[in-house]
2 protein chains.
Amino acid sequence: MVFEQSCRQCAVRGTALCAALPDADLLGLAGHGTHRRLARGETLVRAGDMAMPCANIQRGLMKICQTNPAGQEVIVGLLWPGDFVGAPFLGPAEAGHDIVALTPVTLCQFPARVMERVLTDNPAMEHALLARTMAELARARARLGSLARATALARVAGFLVETAQRSGAGDGETIAAIDLPLSRGEMADLLGLTIETVSRQMSKLKQAGVIGLPGGRRVVIQDPDALAEAAEDLI
Amino acid sequence: MVFEQSCRQCAVRGTALCAALPDADLLGLAGHGTHRRLARGETLVRAGDMAMPCANIQRGLMKICQTNPAGQEVIVGLLWPGDFVGAPFLGPAEAGHDIVALTPVTLCQFPARVMERVLTDNPAMEHALLARTMAELARARARLGSLARATALARVAGFLVETAQRSGAGDGETIAAIDLPLSRGEMADLLGLTIETVSRQMSKLKQAGVIGLPGGRRVVIQDPDALAEAAEDLI
DNA sequence: CGAATGGTTGAGACTCCTCAATTTGCGTGG
DNA sequence: CCACGCAAATTGAGGAGTCTCAACCATTCG
């Protein structure tokens with residue numbers, strides 16, 4: 001059955017929208033869904049596009065980014081498995097950001113009109129999407145609050161904490177190892193810093209014994225408490 | 001008729017949600033609505049509250065703010081007339097921010113359950129709210145992008161441009177005068193700067209003849225083009 | 001092996017913050 | 001009407017933090 005391959009897999013992290021769908025509609029939705037794989041670096045949406053697809057991310061990590069007038073790229077958000085991409089009902093608005101795969105990605109894509117019809121027919125699904133969008137808005141605002149006054153060290157430490165949480169590594173209290181999905185440059189774009197500053201802060205945390213850097217993009221969180229404390233360092 | 005006094009007034013700036021309601025439901029909603037006035041500085045929602053009211057702002061300006069671990073206040077967003085407050089369908093989640101009146105405010109408040117029922121009964125209204133929330137998310141992300149790398153001058157200039165737009169003063173091309181709704185301290189909290197730096201940048205714009213500061217909180221935008229250019233100044 | 005890419009480390013410049021003093025605006029009371 | 005006091009805003013000097021520019025190391029790939 002098709003949706004066994006597609007939408008059931010969307011139900012990642014228990015937050016997926018399809019969980020709100022009765023099976024009949026799930027089947028109807030799956031009939032319109034396209035499975036898509038994106039290679040690392042591939043672009044799903046480009047800023048300025050007039051058509052914004054709707055999709056559920058199944059595996060992998062994507063970045064939402066914009067390019068400022070000086071040509072620098074700024075990453076304004078990350079999308080993890082289970083997250084929703086798209087803006088149904090928004091009308092023919094111009095996409096404001098690029099959405100690009102940071103790792104190999106698999107997703108479940110639908111035409112916006114189909115998604116809109118399914119949402120209209122399934123209030124529970126629309127409620128879930130609305131609630132999730134509000135939660136995402138609150139998260140974006142929280143990030144705004146921390147970016148506003150946090151030091152470089154706090155930004156880097158905060159990013160490590162959040163990445164450890166979202167990639168499900170450890171419980172935040174014991175030693176855990178994560179593979180960073182971002183390069184130093186991408187971390188810099190995300191945190192509003194430069195590559196060099198990110199690198200220096202990582203080295204500082206390593207010197208202090210808070211993290212270990214065994215090589216590659218692997219990070220061992222040796223002292224989660226100290227890391228969490230560093231994340232609250234303010235100007 | 002009740003709703004003539006309440007919800008018709010919500011239809012500010014042509015974006016209000018009630019515009020999507022048929023008259024019969026509008027009447028029903030108005031029956032549950034409470035008109036409320038807030039004095040300057042009064043708090044509508046406090047971070048940590050378990051109940052998040054739903055409301056439409058009719059007149060005035062509110063701030064969404066959080067207090068960081070060091071006790072500093074950070075303003076993560078502003079709410080203008082016509083904006084919606086609340087998070088229907090999100091369940092009993094803790095409010096993450098304070099929402100405080102910056103000026104005298106009048107708003108139209110509803111119990112979350114009533115709002116949820118009206119949204120369920122009126123898909124068009126829920127679509128409108130979803131679209132608006134997505135647009136607000138895009139705006140928050142855009143702010144993230146500019147806060148990440150903009151200089152102090154660009155932050156201040158950008159704030160002036162946006163305030164002029166949202167308060168409907170001028171067309172962005174000719175000389176316009178606005179009354180700032182925020183103190184220097186509040187601007188600093190919003191832009192992630194200090195009071196002194198905000199003041200210095202305002203003085204710099206004045207010296208350059210870009211703006212005039214006739215006194216009080218009044219700002220005359222004498223050279224909108226130069227102001228817009230200053231807003232794009234990056235580190 | 002050499003080139004290319006990504007990461008680390010160092011020195012100096014620049015921006016913004018901190019601390020402090022002064023000025024302005026405004027409401028109160030004499 | 002003016003003096004006073006208080007809060008807000010402005011201005012200055014010095015210092016901390018981050019960026020820029022540059023060189024150097026590590027890893028991967030041809």
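A note on names: the letters A, B, ... follow the listed sequences, proteins ahead of strands, and every chain is numbered from 1.
Counting atom types as modelled, A:Arg217 pairs no side-chain N or O with a base atom of C:dG6 as donor and acceptor under 3.5 Å.
The pair B:Asp179-B:Arg217 does not count as a salt bridge, with every side-chain nitrogen at least 4.0 angstrom from each carboxylate oxygen. Using a 4.0 Å cut-off between charged side-chain N and carboxylate O, A:Arg149 and B:Asp189 make a salt bridge. Using a 4.0 Å cut-off between charged nitrogen and carboxylate oxygen, A:Arg141 and B:Glu136 count as a salt-bridge pair.
Between B:Leu213 atom CG and C:dG25 atom P there is a gap of 11 Å when expressed in whole angstrom units. Counting to the nearest Å, the P atom of D:dC19 and the CD atom of A:Gln72 are 10 Å from each other. For the pair A:Lys204 NZ and D:dA16 P, the interatomic distance rounds to 13 Å; values are reported in whole Å. Look at CZ on B:Arg218: it is 18 Å from C1' on D:dA9, rounded to the nearest Å. A straight line from CD of B:Gln201 to C1' of C:dC14 spans 13 Å, rounded to a whole angstrom. In this structure, CD1 of B:Ile195 is placed 11 Å from C1' of D:dA7, rounded to the nearest angstrom. Separating the CG atom of A:Leu191 from the C1' atom of D:dC19 is a distance of 15 Å, rounded to the nearest angstrom. Distance A:Leu153 CG to D:dA16 P: 17 Å, rounded to the nearest Å.
Neither OP1 nor OP2 of C:dT9 sits under 4.0 Å from any side-chain N or O of A:Arg200. Remark: A:Thr194 is in phosphate contact with D:dC19, judged by side-chain N or O atoms under 4.0 Å from OP1 or OP2. Considering only side-chain N and O atoms, A:Thr197 lies nowhere under 4.0 angstrom from the phosphate OP1 or OP2 of D:dT18. One finds a side-chain N or O of B:Ser203 lying less than 4.0 angstrom from the OP1 or OP2 phosphate oxygen of D:dT11.
Between its opening and closing five pairs, the helix from C:dC1-D:dG30 to C:dG30-D:dC1 changes axis direction by 30°, a value rounded to 10 degrees.
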With the criterion being N/O to N/O and under 3.5 Å, what pairs connect the protein with nucleotides 22-30 of chain D, and how long is each?
none

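Screening A:Ile64, A:Asn68, A:Leu191, A:Thr67 against A:Val74 for a side chain to side chain contact (heavy atoms under 4.5 Å, CB included) leaves a single residue, A:Asn68. Considering B:Arg46, B:Lys63, B:Gln66 as possible partners of B:His97, the one that fulfils the side chain to side chain donor-acceptor pair (under 3.5 Å) test is B:Gln66. Just one residue in the list A:Leu205, A:Leu227, A:Leu180 forms a side chain to side chain contact (heavy atoms under 4.5 Å, CB included) with A:Val219, and that residue is A:Leu180.
No side-chain donor-acceptor contact under 3.5 Å links B:Glu232 to the backbone of B:Glu229.
Of all heavy-atom pairs spanning B:Leu160 and B:Ile178, the tightest one is O-CD1, 4.1 Å.
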Original post:
Between A:Leu102 and A:Glu186, is a side-chain contact (heavy atoms from CB on, under 4.5 Å) present by the stated rule, with each step listed?
Top reply: CA-CA 9 Å; A:Leu102 285 170; A:Glu186 286 162 340; 3.2 Å; yes
